Amino acid sequence: MSDMIVPNLLTDESGSPMAFYIHAQDPLREKYLKIIRDNGGYIEPSEVNADKNQYVQLSSYPVPRRTTFSFQFIDDYLDKGGSVYLEPYQLNPVKRSADELDEQDVRTAKAMAQAMNKKAKGPPKSTTKFTVEADNYILEQVRLKPRFRTSHKFFEELAQHDLLKGHTGNSVRSRYRAHLEHKLLYVYKTDDYDRLILDASGNRIALPVAHAKTIKNRFTADDDYTLCESIINHVLNTQDRETLQTADDKLTRLPDGVLNEANFLVSISFFDEFARQNTGHSSLSWRDRYRKFARVYGLQRYRDDYRKAMGTKEGPQPMKNLTSRESKSEKKAQITAKKLKANQVRMDMSAHDQALLADELARNHHSQLHHNHHLTHQLDSAGVAAVANMAVGQGALDEEIGEVKNSNIDDALRQVGVGAGRVQIEDDLVNPDVRALGIHQTDHSAIHPNLGGASVDGHDFEGLELKVDADSQDPWAKYMVYLPRDVLLTALFSDKFIQFEPNVIDRARELLTTLEPDDVGVLFDEFEKLGFTRAFVGHILKVTSSSVRYINDYLYTLRDALHDDRIDLVEVLFPRGHNGLWTPEQDFDLKEGNMQKLGFHDSESIGARRQFLGL
DNA sequence: GACCACACCCACACACCAA
DNA sequence: ATTGGTGTGTGGGTGTGGT
């Protein structure tokens, strides 16, 4: 902008400034304030004055029920030395009614979000070049966790590593995808829990990349065909022909060979069995594929289309584009639009009305305080806004609050660095509101958080609960039952236990330090390797509400008992009066509310038990 | 103007949950 | 126990702006 040479463009012939209005919240306000002033123009601070004088409002986005023009006008006007008309830059030519969300609100919200985002991100980002060292580091990290190599989350967490400072998750991911993936060549062999498998001499085992699965598998045409065929056969074998061939009107009989798919009954157990035979997807995924795709497309239709397509050059294609869920950004825009709407109503309310309303509400809510009608003069603007918001309705606000909560949680989770072997959410977040959202303290991520591999010293069992509740449908839940009281010692330990004595308990406790919330299976497996029977592990989890801290406590008492010759098995299995350790009797008391009998449990133990039992 | 770092998008695989 | 609704974040991109 060479305004040293060019005379002030934003003035009229008489030299008086051209006047504009820019809403105080507009993200580009500061930028254009400067540009316009530098070129001799004027920005009216008051909306009322601007309206009175019909000053042009410039905006980053269309504002419902106001006439606004794009900042591009200023850019072009200055660029072309003033030979530009205003009209084409108008953002929202249509005046609309005040009620009901419409597309424009949503568009506005989107544009606003985008504009705000730019502002929030601050001045133009500088970029950091990837070094050879960083590249190699990324590759090695991918090799260590091959299943996560397509995960956004994985790279987001990877970006926290010191070696990758200055890069974002996005950039590390795209660096890998665009420049490193073809250099990967091999990955390390890992077990079902994504832990490295070492060979006999303790070395990592290299594996061709193609052998390493990722987290999710796309459904192939063959998958879809097998699914459709199997379901058709299944219903033919399990349901009567008449039902299957009856049309929706319940009267007409369909021609032979045509089945009414609306009458198909396909139980969950079918998908369990099917997933056992077809291991590429979980039972839940197969069921979902059936619900969202096969049933929509038509199973018989897909079967026939597949067979037909076998003869073509292209070959059969998997089903696609049959889901129609609102995209996330769409949803967000809807919510933002609602908020805007609420704000708009507030802005539309005259100052006088706002004052009356505030006064009115204040009388109702604080009637003991005897306010006169000058009350509103004592309210600050935030107070008036809050009061007006009440008039707008709680709905939009509720969503706002919900979103704030969620983003707080997000932030808290984000603070959990990759090196932090285990999740520790700040205390102030572990409150009833957070619990009400169904978020476990430890339940933060689909992938294991300790990508950095920082070792844990085993003293922070605080709050880690394995993610299985006694009454859930988790396959591990069925093992989590009390043993009978007359059980024999031999039912608790296998021969291996003798082999590993006397260190078994300590090794078991050590193992606890490595667990993640989803590692119930790991715990079962590893404890069995140490010589615990599965039934006993289940019993321990039942007694301890599957909380790692209490499992640790239990192992202590178990160790002491084992060192005592005169072992009282019942006392070991059903410890009385121990905080965090539960028995069937105590469960009963908890359900019945006989809290006086549970005095030795602290509130944390009781809370954990409630959650564990689904009370 | 090509290349790169980084942001953003969206269908859907997989999962969980309430009714 | 089924069932449909829906949350989550992957998997595979495209868009954008700096260098």
Side-chain angles (χ1 to χ4, degrees), chain A residues 110 113-118 120-131 134-135 138 145-159 164-181 213-220 223-224 227 262 264-272 275 278-297 318-333 402-403 406 409-410 413 436-440 443-447 467-469 471-475 477 518 614:
Chain A
K110 276 186 187 166
Q114 225 164 20
M116 291 299 189
N117 235 343
K118 267 186 195 149
K121 302 259 155 56
K125 54 206 167 179
S126 69
T127 56
T128 310
K129 286 268 174 205
F130 282 96
T131 62
D135 281 352
I138 295 168
K145 296 273 177 189
R147 241 164 48 85
F148 300 106
R149 64 192 186 279
T150 50
S151 155
H152 297 230
K153 265 261 154 89
F154 171 81
F155 288 100
E156 210 157 276
E157 294 181 14
L158 194 53
L164 297 171
K165 231 187 253 131
H167 299 289
T168 64
N170 272 326
S171 64
V172 176
R173 179 166 179 266
S174 71
R175 177 72 186 175
Y176 169 73
R177 280 159 50 85
H179 299 99
L180 305 175
E181 192 163 18
K213 287 225 152 83
T214 52
I215 300 169
K216 294 182 178 177
N217 304 310
R218 301 248 119 144
F219 283 94
T220 64
D223 283 342
D224 283 340
L227 179 69
F264 280 21
L265 292 175
V266 194
S267 65
I268 288 182
S269 57
F270 167 84
F271 293 104
D272 288 342
N278 301 275
T279 53
H281 304 274
S282 70
S283 169
L284 290 168
S285 302
W286 283 116
R287 184 173 89 96
D288 201 49
R289 187 69 178 171
Y290 168 59
R291 287 199 298 153
K292 312 257 178 65
F293 292 86
R295 226 163 37 175
V296 177
Y297 190 97
M319 293 177 265
K320 60 175 183 188
N321 287 328
L322 298 170
T323 56
S324 57
R325 282 167 71 177
E326 230 172 29
S327 84
K328 259 186 267 184
S329 56
E330 194 67 30
K331 201 167 202 169
K332 234 170 137 180
E403 204 168 83
N406 284 329
I409 292 158
D410 268 354
L413 295 177
L437 288 167
I439 290 164
H440 295 234
D443 179 12
H444 82 297
S445 164
I447 71 177
K467 265 182 59 185
V468 175
D469 295 342
D471 66 340
S472 78
Q473 290 173 10
D474 191 293
D518 288 319

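Excluded from the calculations below are hydrogen atoms, water molecules and symmetry mates; all remaining heavy atoms, backbone and side chain alike, are included. These numbers were taken from a predicted model, which means no experiment stands behind them. Each chain gets a letter, A, B and so on, in the order the sequences are listed, and its residues count up from 1.
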- prompt: Gly166(A) near the nucleic acid: base, sugar-phosphate alone, or nothing, with a heavy-atom cut-off under 4.0 Å?
  reply: sugar-phosphate

message: Which heavy atom of Met319(A) sits nearest to which heavy atom of Tyr297(A), and what is that distance?
response: SD-CB, 3.5 Å

message: Base, sugar-phosphate or nothing for Arg295(A)? Non-hydrogen atoms, less than 4.0 Å.
response: sugar-phosphate

message: From C-beta outward on Arg287(A), which listed nucleotide comes closest to its side chain: dT10(C), dC4(B), dT3(C)?
response: dT3(C)

query: Given atom CD of Glu181(A) and atom P of dG12(C), what is their separation to the nearest angstrom?
result: 9 Å

query: Of all the choices, dA5(B), dC12(B), dT6(C), which nucleotide is nearest to the side chain of Asp288(A) once you look at every atom?
result: dT6(C)

- line: Against the side chain of Ile268(A), the closest entry in dT2(C), dC9(B), dC4(B) is dT2(C)

- request: Using whole Å, report how far CG of Leu284(A) lies from C1' of dT8(C).
  value: 14 Å

- prompt: Nearest of dC12(B), dG12(C), dA5(B) to any side-chain atom of Asn321(A)?
  reply: dC12(B)

- request: Kindly write out the residues that satisfy side chain to side chain donor-acceptor pair (under 3.5 Å) with Thr279(A), not counting sequence neighbours, or none if the list is empty.
  value: none

message: As an exercise, state the distance from CZ of Phe155(A) to OG of Ser171(A), rounded to the nearest 0.5 Å.
response: 10.5 Å

- request: Just call it for Val172(A): base, sugar-phosphate, or nothing, with non-hydrogen atoms closer than 4.0 Å on any strand.
  value: nothing

- request: Write down the distance between CZ (Arg218(A)) and C1' (dG9(C)), rounded to a whole number of angstrom.
  value: 12 Å

query: Would you say His281(A) reaches dC14(B)'s phosphate, i.e. side-chain N/O to OP1/OP2 under 4.0 Å?
result: yes

query: Mapping Ser174(A) and Lys216(A) to their closest nucleotides on DNA chain C, which lands nearer the 5' end?
result: Lys216(A)

message: From CG of Leu265(A) over to P of dT3(C), roughly how many Å is that when rounded to an integer?
response: 7 Å

- request: Go through His281(A) and Asp223(A) one step at a time and tell me if the side-chain hydrogen bond (donor to acceptor under 3.5 Å, both in side chains) criterion holds.
  value: CA-CA 9 Å; His281(A) 304 274; Asp223(A) 283 342; 3.0 Å; yes

query: Which is true for Ser269(A) with a 4.0 Å heavy-atom rule: it touches a base, it touches only sugar-phosphate, or it touches nothing?
result: nothing

- prompt: Between Trp286(A) (CH2) and dA15(B) (P), how many Å, whole number?
  reply: 13 Å

task: Figure out the OH/P separation between Tyr176(A) and dT10(C), and round it to whole Å.
output: 14 Å

- prompt: Quick one: is dA13(B) close enough that its OP1 or OP2 comes under 4.0 Å of any side-chain N or O from Ser285(A)?
  reply: no

task: Give the rounded distance in Å between these two atoms: NZ of Lys213(A) and C1' of dC14(B).
output: 15 Å

- prompt: Any donor-acceptor pair under 3.5 Å linking the side chain of Arg149(A) with the backbone of Pro146(A)?
  reply: yes

task: Please state whether the phosphate of dA15(B), meaning OP1 or OP2, lies under 4.0 angstrom from any side-chain nitrogen or oxygen of Ser282(A).
output: yes

message: Expressed as a whole number of angstroms, how long is the span from Phe148(A):CZ to dC14(B):P?
response: 14 Å

query: Using a cut-off of 4.0 Å on non-hydrogen atoms, how would the nucleic acid contact of Arg175(A) be classed: base, sugar-phosphate, or nothing?
result: sugar-phosphate

- request: Classify the nucleic acid contact of Arg291(A) as base, sugar-phosphate or nothing, counting any heavy atom under 4.0 Å across all strands shown.
  value: base

- prompt: Which part of the nucleic acid does Lys292(A) contact within heavy-atom distance under 4.0 Å: base, sugar-phosphate only, or nothing?
  reply: base

task: Indicate whether OP1 or OP2 belonging to dA7(B) is found under 4.0 Å from a side-chain N or O atom of Asn170(A).
output: yes

message: For dC6(B) and Thr168(A) - does any side-chain N or O of the residue sit under 4.0 Å from the phosphate oxygens OP1/OP2?
response: no

query: Could you give the distance from CG (Asp272(A)) to OG (Ser282(A)), rounded to the nearest 0.5 Å?
result: 9.5 Å

